[in-house]
Novice: 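Take a look at this one; I'll ask things after.
Worth knowing before you read on, the calculation uses all heavy atoms, side chains too, and leaves out hydrogens, waters and symmetry mates. So you know, we letter chains A, B, ... as the sequences are listed, proteins then strands, and number each from 1.
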Amino acid sequence: MPELPEVETVVRDLRPLLVGRRFTGVWAGPLALRKPWTRGWERRLTGRRVEAIRRRGKWIVAEMERGDRLVVHLGMTGQLTVAPAEAPTKPHTHLVFDLDEGAGQLRFRDVRRFGSATLFQADEDVEAFFRAAGLGPEPFGLDAAYWRQRLAATARCLKAVLLDQRVVAGVGNIYADEALYAARLHPARIASGMGAREADRLRRAVETVLNRAIERRGSSIRDYVGGAGQKGEMQTEFRAYGRTGEPCPRCGALIERVRLAGRSTHFCPVCQKKEVHHKDKKGTKKSHGLKKS
DNA sequence: ATAGGCGCCTGCTGGC
DNA sequence: TGCCAGCAGGCGCCTA
């Protein structure tokens with residue numbers, strides 16, 4: 001569920017609730033998450049203060065005093081929230097951290113258990129972990145050359161490239177579709193066949209879509225909530241994702257759904273042309289006015 | 001090396 | 001009403 005905007009919202013919500021607080025008790029349920037929980041974690045975390053919390057791609061990193069790093073991934077249905085200690089614990093809650101000074105509890109809930117929580121000893125270990133996974137750069141402020149180069153280097157379709165966390169970290173299925181729609185690029189286009197201008201359209205569309213989603217506090221379709229438990233609003237602004245059979249907001253053609261890179265993919269078959277237009281040679285720069293009727 | 005497919009989990013929805 | 005296939009915001013492992 002959570003892509004970069006959702007994870008960013010969680011981190012921003014949690015920051016004032018967690019930073020400076022101490023874990024006074026730690027509990028883990030019996031069901032395993034995606035990665036085995038670190039041996040001796042209760043002892044290492046109990047009594048420790050949270051110094052900072054940050055995001056990297058779709059990962060959440062809580063920086064603990066004395067160097068330990070708690071690294072959380074929300075998978076598809078993960079929720080990381082602070083709640084009052086007396087609030088009922090919902091089903092599928094797998095980790096609970098008691099906070100000092102009546103600040104409540106940090107709780108990790110995850111119905112499908114595709115999420116994970118891992119304890120590292122130091123920042124260097126977290127960085128080594130991200131490096132081993134090949135985690136790519138954050139998608140903001142990248143130069144055009146980076147996109148052009150990464151797209152040129154692969155014969156995969158655009159949808160697959162956007163979902164690849166090694167190319168750019170943080171884009172998932174929703175925002176891949178929304179960015180391709182905004183850039184008017186067909187998701188099945190082969191990445192290496194992109195022109196420089198198209199590559200730059202995609203670069204800008206990814207940034208624009210993600211920034212807008214952060215402003216709207218992410219998308220809540222089913223499970224997603226921010227760090228204080230409230231839903232996001234971006235789902236009301238989807239142009240392509242989940243709108244199969246509805247009219248395209250730009251041209252009125254019906255949004256189609258196909259399967260690409262193993263994922264449901266939504267696009268407008270008219271605005272997002274599969275074949276490249278060769279008409280933008282020199283003279284006809286502003287030819288987009290022609291596609292009326 | 002790289003690209004595609006499957007499995008991991010649970011819950012919900014739509015069609016028969 | 002009931003059942004079951006299909007689907008879901010992600011990722012890692014296996015194979016060709």
Side-chain angles (χ1 to χ4, degrees), chain A residues 1-11 29-36 55-60 71-80 90-94 108-118 129-136 150-181 187-192 206 209-210 212-214 216-227 231-245 257-266:
Chain A
M1 110 180 145
E3 306 180 28
L4 185 153
E6 288 75 30
V7 177
E8 178 66 24
T9 302
V10 168
V11 165
L31 295 178
L33 297 171
R34 187 165 187 92
K35 294 168 188 293
R55 179 192 60 75
R56 174 76 174 91
K58 300 175 191 173
W59 298 88
I60 298 166
V71 176
V72 174
H73 196 289
L74 300 178
M76 291 276 264
T77 54
Q79 301 176 337
L80 193 62
K90 295 178 182 169
H92 307 293
T93 297
H94 302 109
F108 181 74
R109 234 191 125 219
D110 186 357
V111 170
R112 291 175 74 180
R113 282 186 280 131
F114 289 172
S116 66
T118 313
F129 170 72
F130 288 154
R131 219 170 18 250
L135 190 63
R150 293 305 300 254
L151 291 169
T154 181
R156 296 141 88 200
C157 67
L158 293 179
K159 178 65 181 274
V161 173
L162 284 179
L163 291 177
D164 187 345
Q165 302 299 296
R166 297 169 303 178
V167 175
V168 150
V171 178
N173 205 39
I174 291 176
Y175 301 116
D177 283 6
E178 292 298 308
L180 288 165
Y181 177 88
R189 284 275 304 280
I190 300 304
S192 55
V206 167
V209 163
L210 293 177
R212 178 61 183 160
I214 291 170
R216 303 289 277 139
R217 299 184 42 81
S219 305
S220 293
I221 295 170
R222 165 167 271 137
D223 302 286
Y224 170 72
V225 294
K231 292 178 184 292
E233 301 291 343
M234 186 63 187
Q235 65 278 5
T236 64
E237 296 185 23
F238 291 166
R239 297 287 178 262
Y241 181 85
R243 304 197 49 181
T244 314
R257 183 173 73 131
V258 295
R259 185 157 289 265
L260 279 178
R263 314 296 299 277
S264 264
T265 301
H266 314 73

Novice: Under 3.5 Å, is there any donor-acceptor pair linking the side chain of A:Arg113 to the base of B:dC8?
Specialist: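 No pair found.
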Novice: Measure CG/A:Leu163 against P/C:dC11 and give the value in whole Å, please.
Specialist: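 Result: 9 Å.
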Novice: Please state how far atom CG in A:Asp223 lies from atom P in C:dG10, giving the value in whole angstrom units.
Specialist: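 Rounded to the whole Å, the gap is 12 Å.
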Novice: Say we look at C:dG12 and B:dG11: how far apart would their P atoms be, to the nearest angstrom?
Specialist: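 Approximately 24 Å lies between the P atom of C:dG12 and that of B:dG11.
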Novice: Any side-chain N or O of A:Thr77 less than 4.0 Å from the OP1 or OP2 oxygen of B:dG11?
Specialist: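 Result: no.
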Novice: Any Lys/Arg nitrogen of A:Asp177 or A:Lys159 sitting under 4.0 Å from an Asp/Glu carboxylate oxygen of the other?
Specialist: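 Salt bridge present between A:Asp177 and A:Lys159.
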Novice: Dot-bracket for DNA chain B: what is it, with Watson-Crick or G-U pairs under 3.5 Å, [ ] where a pair crosses earlier ones, and | for a pair to another strand?
Specialist: .|||||||.|||||||
Novice: Using the test salt bridge (Lys or Arg N to Asp or Glu O under 4.0 Å), find all partners of A:Arg216 that sit at least two apart in sequence or belong to another chain.
Specialist: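 Applying salt bridge (Lys or Arg N to Asp or Glu O under 4.0 Å) to A:Arg216 gives A:Glu237.
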Novice: Looking for any heavy atom pair under 4.0 Å, which part of the strands does A:Arg166 touch: base, sugar-phosphate only, or nothing?
Specialist: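 Nothing: the residue A:Arg166, judged by heavy atoms under 4.0 Å, touches no strand.
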Novice: In whole angstroms, how far is the C1' atom of B:dG11 from the CZ atom of A:Arg222?
Specialist: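 In whole Å, B:dG11 C1' lies 7 Å from A:Arg222 CZ.
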Novice: Could you tell me how far apart A:Arg263 (CZ) and B:dA3 (P) are, to the nearest whole angstrom?
Specialist: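 Roughly 18 Å, once rounded to whole Å.
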Novice: Counting only distance, no hydrogens or angles, is the base of B:dC9 paired donor-acceptor with the side chain of A:Arg34 under 3.5 Å?
Specialist: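 Flag unset: no donor-acceptor pair detected.
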Novice: Determine the Euclidean distance between corresponding P atoms of B:dC12 and C:dC11; express it in Å to zero decimal places.
Specialist: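 Pairwise P distance, C:dC11 against B:dC12, rounds to 24 Å.
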Novice: What I want to find out is whether A:Arg156 reaches A:Asp164 closely enough, with some N-O distance under 4.0 Å, to be called a salt bridge.
Specialist: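 Answer for the salt bridge query: yes.
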Novice: Could you report the tightest heavy-atom contact between A:Gly232 and A:Ser220, atom names first, then the distance?
Specialist: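 So the minimum-distance heavy-atom pair works out to N-OG, 2.7 Å.
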Novice: Can you find a side chain N or O atom of A:Arg156 that sits less than 4.0 Å from OP1 or OP2 on B:dA3?
Specialist: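 For B:dA3, OP1 or OP2 has a side-chain N or O of A:Arg156 closer than 4.0 Å.
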Novice: Nearest to the A:Val111 side chain among C:dG10, B:dT10, C:dC7, which nucleotide is it?
Specialist: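 Looking only at side-chain atoms, A:Val111 lies closest to B:dT10.
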Novice: Remember a base hit wins even if backbone is also touched, and classify A:Tyr241 as base, sugar-phosphate or nothing at under 4.0 Å, heavy atoms.
Specialist: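 Sugar-phosphate contact only - A:Tyr241 comes under 4.0 Å of backbone atoms but never of a base.
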Novice: A:Arg109 and A:Lys90: which non-hydrogen atoms are nearest, and at how many Å?
Specialist: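 Shortest heavy-atom contact: NE-CB, 3.5 Å.
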Novice: Give the rounded distance in Å between these two atoms: CD of A:Gln79 and P of B:dC9.
Specialist: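 My rounded result for the distance is 20 Å.
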Novice: Please classify the nucleic acid contact of A:Gly262 as base, sugar-phosphate, or nothing, using heavy-atom distances under 4.0 Å.
Specialist: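 No contact.
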Novice: At 4.0 Å (heavy atoms only), tell me whether A:Ala155 reaches a base, stays on the sugar-phosphate, or touches nothing.
Specialist: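 Sugar-phosphate contact only.
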Novice: Might you point out which heavy atoms bring A:Ser116 and A:Trp59 nearest each other, and give the distance in Å?
Specialist: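 Shortest heavy-atom contact: OG-CZ3, 4.0 Å.
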Novice: Closest approach of A:Gly172 and A:Glu3, non-hydrogen atoms and distance?
Specialist: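 That would be N-OE1, 2.7 Å.
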Novice: Classify A:Ser220 by what it touches in the nucleic acid, base, sugar-phosphate, or nothing, heavy-atom distance under 4.0 Å.
Specialist: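 It contacts base atoms.
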Novice: Can you list everything that forms a ring pair (Phe, Tyr, Trp, His ring centres under 6.0 Å) with A:Tyr241? Sequence neighbours excluded, please.
Specialist: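 With neighbours one apart ignored, the set is A:Phe238, A:His266.
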Novice: Does B:dC9 have its OP1 or OP2 closer than 4.0 Å to a side-chain nitrogen or oxygen of A:His92?
Specialist: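 Answer is no, no contact under 4.0 Å.
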Novice: Does A:Phe114 stack onto the base of B:dC8, taking stacking as ring centres under 5.5 Å apart and planes under 30° apart?
Specialist: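 Per 5.5 Å and 30° rule: yes, stacked.
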